Number of protein chains: 4
Amino acid sequence: MARGELGKEAKRKTILAAAVRVFAEKGYFGARMRDVAAAAQVADGTLYLYFDSKEDLLTAVLEEHAQAFVERARRDCARLADPRHRLHAVLERHLVSLEANRALATVFQIELRHSRKFLRRIAKGQVSQYLQLLQEIVASGVSQGIFRRELDPKVAARVIFGAVDELVTAWVLSQKPSGLKEQLAPLLEVLFYGLCGSESNEAHGKRGEP
Amino acid sequence: MARGELGKEAKRKTILAAAVRVFAEKGYFGARMRDVAAAAQVADGTLYLYFDSKEDLLTAVLEEHAQAFVERARRDCARLADPRHRLHAVLERHLVSLEANRALATVFQIELRHSRKFLRRIAKGQVSQYLQLLQEIVASGVSQGIFRRELDPKVAARVIFGAVDELVTAWVLSQKPSGLKEQLAPLLEVLFYGLCGSESNEAHGKRGEP
Amino acid sequence: MARGELGKEAKRKTILAAAVRVFAEKGYFGARMRDVAAAAQVADGTLYLYFDSKEDLLTAVLEEHAQAFVERARRDCARLADPRHRLHAVLERHLVSLEANRALATVFQIELRHSRKFLRRIAKGQVSQYLQLLQEIVASGVSQGIFRRELDPKVAARVIFGAVDELVTAWVLSQKPSGLKEQLAPLLEVLFYGLCGSESNEAHGKRGEP
Amino acid sequence: MARGELGKEAKRKTILAAAVRVFAEKGYFGARMRDVAAAAQVADGTLYLYFDSKEDLLTAVLEEHAQAFVERARRDCARLADPRHRLHAVLERHLVSLEANRALATVFQIELRHSRKFLRRIAKGQVSQYLQLLQEIVASGVSQGIFRRELDPKVAARVIFGAVDELVTAWVLSQKPSGLKEQLAPLLEVLFYGLCGSESNEAHGKRGEP
DNA sequence: AATGAATGAGCGTTCATTCAT
DNA sequence: TATGAATGAACGCTCATTCAT
């Protein structure tokens, strides 16, 4: 092992973690590469031995964590049969993961969305896979007769994602760093009723019943 | 109202509209003040007679439209008694308003969120009022016995907002410019079941009870 | 006339002159745009209102002066019939022009040749026109029976150009700033009569031996 | 000579040859030391075991080849008595040497002249010796009565050098890699007999009238 | 009120060089 | 001797903002 103390992969991680911290604190545009280098305790040029550009650094944050998250979520699901339990598990992981690293959450909820370009990249990549997972859960719930058959799994998946995402963003923006996971129960509560429904639930569309 | 006054306000609107178009097309950071000036057919310096800064221009877009939106939504609600009808009306307006002006939608869903600073401003301003409105609808629905009493109005409001917001963002990002309003029905469908519930809905948390 | 004191074209000239001075002193690569701006007493950004890039600045030096030089040389020639007089006039102008502005000469002899790209641009542009002029002079001299009929006008033109160019470069490199024009006479002398002179003009090598 | 010594010198040559190729292809400034290292198939740092700096690398190209060239030219001369034959031999070697290695020619004609500093180094070093040689040839030609006695050997030497140099540069810049040596004959022709030739050698202007 | 020429701070990236192994 | 990861100084260019007219 040469000049550096850490292996190559370890240094990559170090830089990435530093980038998350700096981006979270100053915002992507407010952050200078020099800040990231300083935070990672490497020279400016060293950053470019591990990442192609500032943008690549941001992209890497996404790839590194979102990938892993979706995989873990899928594995969680595989262990559970009931779609309600699955949803519970996935959303819990979602909230817990981000609550555990507020800086990372900030980058995910804010910095990664600063442009259509990035939003699209996310939308077509990891988020799309996440939505896919949610959609599968909904669909399997429907075919098991646990979720209402009228559900449009695509819209339902987006509703679920939108709901969690909004909660997380609100948490990131709030000054008091607390209580993300506590919102899991009420969130699920609303979602389950929406998904499960009941036979006696006179449809909304049939307004003006006797 | 003097002629000058009218001209002044009109020019302000012209600039603002130009800004929306330019921000939507190039993104806030990609857009140069010169681009906005050109789009509004005024000189660079003239922008500063109407707006303090580039940021102020973006802020003004928000204030101008979001304000009006929330007010209109409140007025809509005042005319309706059933919380379901109210929600229907508000969300319909939400979707229709943005579908009618894709550039504006782009600015709202993307450009206004590129930094914590702006997100906070939004969150504390118009979005907060919007959430407040939703919360009131939910609360009144609960007290009327139409929505489930277990609902946490705060979380429910966020879930609703998150869901619509996610749908709009997906629409903005999609290449094919179509079909936002069509998602209203399935959206409401999921939300109403979530909000209304039914007596036969054994709660998820209380699984396995007699 | 706005903020500045000078007209737009005048300021362009000012910047260009400053660039010539700075490039001559520090070399193209050694010169920073900031140096040029300072020398022209304008802000850094102002340079870019008049020139597209650092490279464009260098190119402009060429265009501005070389163009004019070739035109003047052509006009000089038009007034004279004897090709020897013409050559005399052209080369005199060449030497005098550059001797009058050593900084400009430096840029022409050195900085404009720092890369194949620039050399090609020069070679295909102004220098090519200059060579063309020389070639025409030689050709007309030949057809008038004043210059030897065996001459290859193309090679002759290059020989002439190469000779003057070398003298100028040597002068630019020499520390003592003097005496460029004085070399006109011996230069013409060699060019007109070559090395061998008349009486000994039995051909060199195998040609025309008794 | 130890095996190590031989290997060392051989690697030096390898690097130097690589440098010539890379400098010729990308230009001195466009070439990165890494490119040279890669071309020589050594590590970046290894270059610095053989050369002090990038500049030193360029300088070494000059020293290595120009030195040898001048020496060979001198040796050629020593074998010949007639100054015309000598000039013929020297210029032939000049053209042939460079035609044989276009990359080297490119470095000599272009890269070595990108700054006053380098031009001066060349002018004071090898070129100065070359000019000295040419001057001696001219001078001996004059004293032998073969060259005209009016010649200024210094100026004549520069004219000769400038002429060849210009031809070589034009050849380097031309896209079609052909025909440098073919220009020797017309070049010598002009140099020996000048433009005017014998019969018409009535002096130009007032000079040398009866 | 309107103009638009001028300003100048600010930053991502490159690459010659070093040095621990 | 050779390596190549690490260093960090250096710079062209952009663009929001100002202000003389």
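This is a predicted model, so every value here is computed, not measured. All chains are named by letter (A, B, ...) in the order of the sequence lines, taking the proteins before the strands, and each is independently numbered beginning at 1. The figures here come from the full heavy-atom set of this structure, side chains too, leaving out hydrogens, waters and symmetry mates.
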Rounded distance in Å - [atom1] ([X]) to [atom2] ([N]):
X       : N      : atom1 : atom2 : answer
A:Met33 : E:dT14 : CE    : P     : 10 Å
B:Leu47 : F:dT18 : CG    : C1'   : 13 Å
D:Arg34 : F:dA5  : CZ    : C1'   : 9 Å
B:Ile15 : E:dT3  : CD1   : C1'   : 13 Å
A:Tyr48 : E:dC15 : OH    : P     : 13 Å

Applying ring pair (Phe, Tyr, Trp, His ring centres under 6.0 Å) to A:Tyr48 and not counting sequence neighbours gives none
I need the C:Gln41 CD to C:Ile15 CD1 distance, nearest 0.5 Å. 11.5 Å
Inter-residue atom distance D:Glu9.CD - D:Thr14.OG1, 0.5 Å rounding: 9.5 Å
For A:Arg116 and B:Ala24, indicate whether the former's side chain and the latter's backbone hold a donor-acceptor pair under 3.5 Å. yes
Look at the aromatic rings of D:Phe29 and D:His114 and report parallel, tilted or perpendicular, splitting at 30° and 60°. tilted
Can you classify the ring geometry of D:Tyr28 versus D:Phe118 as parallel (below 30°), tilted (30 to 60°) or perpendicular (above 60°)? tilted
Side chains of C:Leu98 and C:Gln109: does their closest heavy-atom pair fall under 4.5 Å? yes
Taking the side chain as every heavy atom from C-beta outward, state whether C:Leu58 and C:Val107 have any pair of such atoms under 4.5 Å apart. yes
Where the side chain of B:Asp44 is concerned, which of E:dG12, E:dA5, E:dT7 is the nearest nucleotide? E:dA5
From E:dG12, F:dG8, E:dA6, pick the nucleotide closest to the side chain of A:Arg32? E:dG12
Hey, does the Lys NZ or Arg CZ of C:Lys13 hover above the aromatic six-ring of C:Tyr50, less than 6.0 Å from the centre and inside 45° of the axis? no
With a cut-off of less than 4.0 Å, is there a side-chain N or O of A:Lys11 near OP1 or OP2 of F:dA5? no
Below 4.0 angstrom from OP1 or OP2 of F:dG4, is there any side-chain N or O of A:Lys8? no
If each of A:Val42 and D:Gln41 is mapped to the nucleotide of DNA chain F with the nearest heavy atom, which maps nearer the 5' terminus, i.e. the 5' end? D:Gln41
For DNA chain E, the residues among residues 49-60 of chain A that have a non-hydrogen atom under 4.0 Å from it: A:Ser53, A:Lys54
Select from A:Phe29 and D:Thr46 the residue whose nearest nucleotide in DNA chain E is closer to the 5' end of that strand. A:Phe29
Look at all strands and tell whether C:Ala31 reaches a base, only sugar-phosphate, or nothing, counting heavy atoms closer than 4.0 Å. sugar-phosphate
Difference in axis direction between the ends of the helix from E:dA2-F:dT21 to E:dT21-F:dA2, five pairs, 10°: 10°
